[in-house]
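In what follows, every heavy atom counts, from backbone to side chain, and hydrogens, waters and symmetry copies are set aside.
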Amino acid sequence: MAEVTLKDVALASGCSIATVSRVLAGTRPVGVETARTVREAAERLGYRPNHVARALRSRSTGTVGLVLPQITNPFFPSLVRELEHALHAEGRAVLLADCDDDPATEAARIGAFLGRQVDALLLIPVDERRSREAVASAAAQVPLVLLDRGCGPGVADSVAVDNAAGMALVLDHLAATGRRRPCFVGAAGTASAAVERRAAYEAGAAALDPEAPGRVELGDFSVEWGRAAVDRVWPSRPDALICANDLIAAGALQRLRQLGADVPGEVAVTGFDDIPLAGLADPALTTVRQPVGELAAEAARLLSRRPSTTEPGPRRTVRLAPHLVVRASSAPAGASSAHRPGDLRA
C-alpha cells in the first residue's frame, strides 16, 4: 500500500495541507469543527505521521537517551519504567543504553546517542569523577539531567534522593531500638550515592558508639559482596549491619541465616532503595524507600525547563525526601513505622 500523505488527508478533509499539518502536529490552535474533520479523515485513511520527516523539518527527533550503569541492578528497571511513562506523556520516546559500570563504555554510549541526535540525555553516572568529562561535554550540547548520582557541582542539572537524610532515618531507628554496635557495609569508589551514604553514616554513627564511624567495610553494590562482608565482620559481633543498598543487605541476610545468626535478635540489617526483593527477603528487609515516581517526574520537569543549550543558565539540583520502611529485619514481626522529612531543594 502507498503511504498516506498530508496531501491525501487534505484532499479527503477539504482543508489545506497547512491546516492539516497544524491539526495533526498540534502546533497552532485550529477551530474545533475543522480539527474534527481533519482527524476523522486521517483516521479513515489510516494516516500515520512520518517521524523521520518531521525530525528533518523541525530538527527535533522526539527522543531522549537514557544511560544506565548496569540494568541488572533491580532499582534501575523500576526507575526506567517511571521515566518512560513520564516522557511518553510528553510525546517523547526513550532510547536505553547499559554501560556495564564502565566509564569508557559510558562515554561511548553518550557519544552514540549524540550522534543519533537525541533531543536530551538522562544519565545515572558510573562514577562521580571518571564520568565527569563526558557528562560535562554532553551537557554543553543537549539538555541533560543526572539521576540518582551526581558528577560534582555545576556539571549538569540533577535529581536524587537525599542520601544523608535517608541514612539519618536509619541511624535514628536503630538507636531507638537499642542498637549500639553498628557496622556500615557499602561500596568503594566515588559514585556519589556510595560516597554520600558512607559519609552520612560516619557523621551520624558516633551518637550510637564513638567507635562506630570506623566500622566500615567497602566492596560493591552486589549480593555477593553482602555475603562476603558478613564473613569479615561477624567475628566482631556487630548488632546492626547498615547496608548501602538492598542487594548488599540481601546477601548479608542470606549469609547470616547460613551462620545461624538471629535476625533481628542478635543483629539488625537495613538496606537502601526498597527494591521489590526487600519485602520478599527472609526476614523482610528494613530499608530506605526512594521516591521513584517523583524522581522520574522531576527529571522530566528539569528537561522541559532547559529547552535550549544556547542559554545554559545555572545548574539546578533537586533532592527528594526518603521514606524509611521498617520491617522484620530490624524490628519484631508485625512492627512497622514510617518517617518522612520535608523535601530539601537547592
Side-chain angles (χ1 to χ4, degrees), residues 51 61-101 105-106 109-110 112-113 116 118-126 131 135 138 142-150 156-163 166 187 191-194 197 221-223 244-250 271-281 284-285 287-306 318-325 327 338 340 343:
H51 293 291
T61 61
T63 57
V64 175
L66 172 59
V67 185
L68 301 178
Q70 195 169 75
I71 195 64
T72 54
N73 184 326
F75 171 68
F76 296 139
S78 61
L79 181 56
V80 169
R81 178 177 181 271
E82 294 294 338
L83 287 168
E84 198 279 332
H85 288 178
L87 293 169
H88 179 76
E90 298 180 356
R92 294 182 172 192
V94 178
L95 302 178
L96 177 65
D98 182 338
C99 58
D100 202 26
D101 277 326
T105 302
E106 178 181 59
R109 298 290 187 266
I110 291 172
F113 276 147
R116 290 178 178 273
V118 295
D119 294 338
L121 283 169
L122 292 169
L123 187 74
I124 303 174
V126 170
S131 298
V135 169
V142 296
L144 185 152
V145 174
L146 299 175
L147 286 154
D148 186 52
R149 306 176 184 177
D157 293 341
S158 69
V159 56
V161 73
D162 188 331
N163 288 296
S192 63
R197 292 171 195 177
F221 286 120
S222 71
V223 172
N245 82 343
D246 291 344
L247 291 178
I248 297 173
F272 208 110
D273 290 338
D274 197 28
I275 62 176
L277 175 66
L280 300 175
L285 180 64
T287 187
V288 177
R289 177 176 295 164
Q290 293 221 46
V292 178
E294 291 181 62
L295 283 170
E298 287 290 348
R301 184 183 66 84
L302 287 172
L303 283 182
S304 67
R305 287 180 58 187
R306 191 175 291 278
V318 177
R319 290 291 176 263
L320 298 174
H323 172 193
L324 182 65
V325 181
R327 299 191 178 103
R340 298 177 185 269
D343 283 7

Revision key, fill the gap. Minimal heavy-atom distance between Pro125 and Gly150, with the atoms involved, is CG-O, 3.7 Å
**Study point:** Interatomic distance, Ser192 atom OG to Asp148 atom CG [nearest 0.5 angstrom]
**Key:** 7.0 Å
Check your understanding: Do Glu298 and Leu320 come within less than 4.5 Å of each other through their side chains, counting heavy atoms only?
Key -> yes
Review point. Would you call Phe113 and Leu66 a side-chain contact if the rule is heavy atoms closer than 4.5 Å?
Key: no
Point to revise | Considering all heavy atoms, the nearest Val67-Cys99 contact | key: CG1-SG, 4.3 Å
Check your understanding: Any donor-acceptor pair under 3.5 Å linking the side chain of Asp119 with the backbone of Val64?
Key -> no
Exercise for review: Over all heavy atoms of both residues, which pair between Leu87 and Ala300 is shortest? Give the atoms and the distance, please.
Suggested key: CD2-CB, 4.2 Å
Check your understanding: With a 4.5 Å heavy-atom cut-off, do Pro69 and Asp101 have their side chains touching?
Key -> yes
Exercise for review: Can you measure from CG (Leu302) to CG (Asp157) and round to the nearest 0.5 angstrom?
Suggested key: 5.0 Å
Review point. Are side-chain heavy atoms of Pro291 and Val161 found at a separation under 4.5 Å?
Key: yes
Review point. Where is the tightest heavy-atom contact between Ala156 and Leu144, given as atom of each residue plus distance?
Key: CB-CD2, 3.6 Å
Check your understanding: What is the distance from atom NE2 of His88 to atom CG of Leu83, rounded to the nearest 0.5 Å?
Key -> 14.0 Å
Revision key, fill the gap. Tightest non-hydrogen contact, residues Ala244 and Ala187, listed as CB-N, 4.5 Å
Check your understanding: Does some side-chain heavy atom of Leu79 sit less than 4.5 Å from a side-chain heavy atom of Leu68?
Key -> no
Point to revise | Atom pair CG (Leu123) and CD (Glu106), whose distance is rounded to the nearest 0.5 Å | key: 5.0 Å
Practice item. Measure the shortest side-chain to side-chain distance between Leu122 and Val94 over non-hydrogen atoms and say whether it is less than 4.5 angstrom. Key: no
**Study point:** Heavy-atom side-chain proximity of Leu147 to Val159 below 4.5 angstrom
**Key:** yes
Check your understanding: Any side-chain heavy atom of Val318 sitting closer than 4.5 Å to one from Arg301?
Key -> yes
**Study point:** Chi angles and distances behind the side chain to side chain contact (heavy atoms under 4.5 Å, CB included) call for Ile248, Phe272
**Key:** CA-CA 9 Å; Ile248 297 173; Phe272 208 110; over 6 Å; no
Review point. Any luck finding a side-chain donor-acceptor pair between Asp246 and Thr287 under 3.5 Å?
Key: yes
**Study point:** Stepwise side chain to side chain contact (heavy atoms under 4.5 Å, CB included) check, Ser158 with Arg319
**Key:** CA-CA 8 Å; Ser158 69; Arg319 290 291 176 263; 3.8 Å; yes
Check your understanding: Do Asn245 and Arg197 pass the side chain to side chain contact (heavy atoms under 4.5 Å, CB included) test, and can you show the C-alpha distance, the side-chain angles, and the key distance before you say yes or no?
Key -> CA-CA 9 Å; Asn245 82 343; Arg197 292 171 195 177; 4.3 Å; yes
Exercise for review: Find the distance between CD1 (Ile124) and CD (Gln70) and round it off to the nearest 0.5 Å.
Suggested key: 12.0 Å
Check your understanding: Between Leu285 and Ala249, which heavy-atom pair has the shortest distance, and what is it?
Key -> CD2-CB, 3.6 Å
Exercise for review: Indicate yes or no: does Arg327 engage Asp274 in a salt bridge with an N to O separation below 4.0 Å.
Suggested key: yes
Exercise for review: Report the distance from atom CD1 of Ile275 to atom CZ of Phe76, rounding to the nearest 0.5 Å.
Suggested key: 11.0 Å
